[in-house]
There are 2 protein chains.
Amino acid sequence: MSVEEVKEAPLEQEPQQETKEPEPVATYKAIVLTGFGGYDKLKVELKKDTPTPKSGEILVRVKACGLNFADLMARQGLYDRLPASPPLVPGMECSGLVEAVGDDVTDRKVGDSVIVMNRAGLWSELVVIPVSNTFLMPDGMSFEEAAAIPANYVTAYMMIYDFANLRPNQSILIHMAAGGVGTAATQLCKIVKDVTIFGTASAAKHEVIKEQGVTHPIDYSTLDYADEVRKISPNGVDIVLDPLGGSDTTKGFNLLKPMGKIVLYGAANLLTGPKRNPLAIAKLWWNKFTINSLQLLHSNKAVCGYHLGYLQIDQIQDAVTKLLSLYKEGKIKPRIDSVWSFEQIGDAMKQMQERRNIGKVILVPEAKKAEN
Amino acid sequence: MSVEEVKEAPLEQEPQQETKEPEPVATYKAIVLTGFGGYDKLKVELKKDTPTPKSGEILVRVKACGLNFADLMARQGLYDRLPASPPLVPGMECSGLVEAVGDDVTDRKVGDSVIVMNRAGLWSELVVIPVSNTFLMPDGMSFEEAAAIPANYVTAYMMIYDFANLRPNQSILIHMAAGGVGTAATQLCKIVKDVTIFGTASAAKHEVIKEQGVTHPIDYSTLDYADEVRKISPNGVDIVLDPLGGSDTTKGFNLLKPMGKIVLYGAANLLTGPKRNPLAIAKLWWNKFTINSLQLLHSNKAVCGYHLGYLQIDQIQDAVTKLLSLYKEGKIKPRIDSVWSFEQIGDAMKQMQERRNIGKVILVPEAKKAEN
């Protein structure tokens, strides 16, 4: 699918009136997805006119943004929860400082540090957002950490503690254990007593994910992960978190012990390279896991589907509140893989696409070098 | 399907040697399923020769047995977990007194009151069983109550606390709320704070199930239960326990809120009358619920299948231990609908088949009148 590139497209449908008088205009940067395709479809644009928060909204000066697998899917036109067609500003999580508040806003004030969640629009230096989409940052939390909480930790928390109902002495298989959700899930599993964590990652990352808490790292690139799990635990595992889809879902389901739960939360198998791959799409669709009530009845297993993009803020409120408590208690701490400037968005995406990251990939508005 | 009736069939394949000398022989009663079909396929037989417990086994004099929906299915040849073809002694739960113990049995002694679980064979005055299939009865528990615990309460407990992960302020739909699993589930839900229980039952039972804890009784026989639930809770419910199957599973799935869970645990829709109904089987199969990973991924829902018959004793040990604690704390108390003698097995089954029971239907070896 090819959509024509739109350069310097405005964020909102503002009338583009030219003014003759040269005035000092406040500008701010935003990353714009100009169409579906490769890394080049993302451009940094200069927006004019500082937005003003309306009643119930706040203006946030963004300090850090999170990059997610869903953003990579969105760029290829494979994510169905974008609120509009390109051109648009992507970004579903960020953190920053409150710069102005609208009428009727009593629980946020200028200078507050906040975490922000939204379906899109947050990869921007300035963001106007309903106050209900924001959470106060706990003391001691960095902006980078704050931007790493919403998508990955909420996803991991709700999958592990709500759907999968993890309890002491259980075992879990975490795919892409070095990724954003993977490291969050590992930390959240460690809170429960005596949990055995099988985590897949390439061999180079094994040392780090072991430090993070993975009991048995598995190199999925050279070994069959299901065989490796069964060598250690012949009866399989209690929980599988599945971000892959396709035939891996069936493999995960078969790995479950009685009363086991598999939580599907992605289709990373679609992302084989920087551009949309019709063969991978066909393969994933062809190999999709299908089950009926009669098969399930005899299985003593649960199949769960999780998609943060289809949840409303009030449905994740509890999870965020609990996660911020866990942070304050020192039980979770986002692991930041690397920090990239808005201008480096292509390289940041490549870092994830090529599975080089260990932990969260962060974007910051300031033009600075990537840290590792 | 018709299987020839076998009268006075021996329980085990003992050589049928006739002895000339008339000796006083100890006999005991057992209910035998002689073939698949109607109520007449169940006969009480007199067995000879008291069985002797081997190493690791105990001999139990049975005082009360539980009747389950699965037993009605089994009689019609619709239950796939019978350990053998008829003739055989059915019965998956009973309670009684330990009468003898085999070698190496140290944790049970003669005179102990025990709860017994097995795949079949327990509708008998005497039962030899591995000690691992037994649980000591708490003080103050009657034999009728004890026989009502294993199937119904273990099923309800594992569905509600393991798969469905019930938490405060949630809502649940319990079908056949007046049945054995239904009353157990209602009591177990009441332990969690502020749970809203929708329970289906015919109007005549509404007063009693309300007393048991159902918030909103629904007469499924005259009203569409999904419509009734939505009138009170437009967004649906957090949990559906589904013992019905067929199109009711789809209806239940559609009633779920985000993060909702449906637990399938039966196909009661198959039981339309005393005999196997090919049309009901075809209808259930045709209307079976089917879902694939791509649909589930976007649903934020969980589909779970529970089947006690496919679980091993060690997999339900925790649930039984917790249930016996809850009984001691006075938080659960089996509601006994009626008590029937072995000879009344047909009437006892009819009581369940025609949905007349409120709570558990119990069988006792002694020939006495049914109580209501």
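We use all heavy atoms of the structure for the numbers below, so side chains are in, but hydrogens, waters and symmetry mates are not. Since the structure is predicted, the reported quantities are computational estimates derived from the model, not experimental observations. So that the names make sense, note that chain A is the first sequence line, chain B the second, and so on, each numbered from 1.
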Using a cut-off of under 4.5 Å on heavy-atom pairs, state which of B/G246, B/P258, B/A267, B/A164 scores highest against chain A. B/P258
Which atoms of B/I262 come close to chain A, meaning under 4.5 Å heavy atom to heavy atom: side chain ones, backbone ones, both, or neither? neither
In terms of heavy-atom contacts, A/F163 and B/G260 come closest through CE2-O, 4.1 Å
Quick one: list whatever passes ring pair (Phe, Tyr, Trp, His ring centres under 6.0 Å) with B/F198, sequence neighbours left out. B/H216
Heaviest contributor of heavy-atom pairs below 4.5 Å to chain B, chosen from A/G309, A/G245, A/G266, is A/G266
Go through A/V263, A/L308, A/L294 and name the one with the most non-hydrogen pairs under 4.5 angstrom from chain B. A/L294
Could you show, one pair per line, the donor-acceptor contacts under 3.5 Å between chain A and chain B?
residue: A/D80; atom: OD2; partner: B/H298; partner atom: NE2; Å: 3.0
residue: A/Y161; atom: O; partner: B/N165; partner atom: ND2; Å: 2.9
residue: A/D162; atom: O; partner: B/N165; partner atom: ND2; Å: 2.8
residue: A/D162; atom: OD1; partner: B/R167; partner atom: NH2; Å: 3.0
residue: A/D162; atom: OD1; partner: B/K261; partner atom: NZ; Å: 2.3
residue: A/D162; atom: OD2; partner: B/R167; partner atom: NH2; Å: 3.3
residue: A/N165; atom: ND2; partner: B/Y161; partner atom: O; Å: 2.9
residue: A/N165; atom: ND2; partner: B/D162; partner atom: O; Å: 2.7
residue: A/R167; atom: NH2; partner: B/D162; partner atom: OD1; Å: 3.0
residue: A/R167; atom: NH2; partner: B/D162; partner atom: OD2; Å: 3.3
residue: A/K261; atom: NZ; partner: B/D162; partner atom: OD1; Å: 2.3
residue: A/F289; atom: N; partner: B/S293; partner atom: OG; Å: 3.1
residue: A/F289; atom: O; partner: B/S293; partner atom: N; Å: 2.7
residue: A/I291; atom: N; partner: B/I291; partner atom: O; Å: 2.9
residue: A/I291; atom: O; partner: B/I291; partner atom: N; Å: 2.9
residue: A/S293; atom: N; partner: B/F289; partner atom: O; Å: 2.7
residue: A/S293; atom: OG; partner: B/F289; partner atom: N; Å: 3.1
residue: A/H298; atom: NE2; partner: B/D80; partner atom: OD2; Å: 3.1
residue: A/N300; atom: N; partner: B/G305; partner atom: O; Å: 3.3
residue: A/N300; atom: OD1; partner: B/H307; partner atom: N; Å: 2.7
residue: A/N300; atom: ND2; partner: B/H307; partner atom: O; Å: 2.9
residue: A/K301; atom: N; partner: B/G305; partner atom: O; Å: 3.3
residue: A/K301; atom: O; partner: B/G305; partner atom: N; Å: 2.9
residue: A/V303; atom: N; partner: B/V303; partner atom: O; Å: 2.8
residue: A/V303; atom: O; partner: B/V303; partner atom: N; Å: 2.8
residue: A/G305; atom: N; partner: B/K301; partner atom: O; Å: 2.9
residue: A/G305; atom: O; partner: B/N300; partner atom: N; Å: 3.3
residue: A/G305; atom: O; partner: B/K301; partner atom: N; Å: 3.3
residue: A/H307; atom: N; partner: B/N300; partner atom: OD1; Å: 2.7
residue: A/H307; atom: O; partner: B/N300; partner atom: ND2; Å: 2.9

Go through the atoms of B/L264 and report whether side chain, backbone, both or neither lie under 4.5 Å from a heavy atom of chain A. both
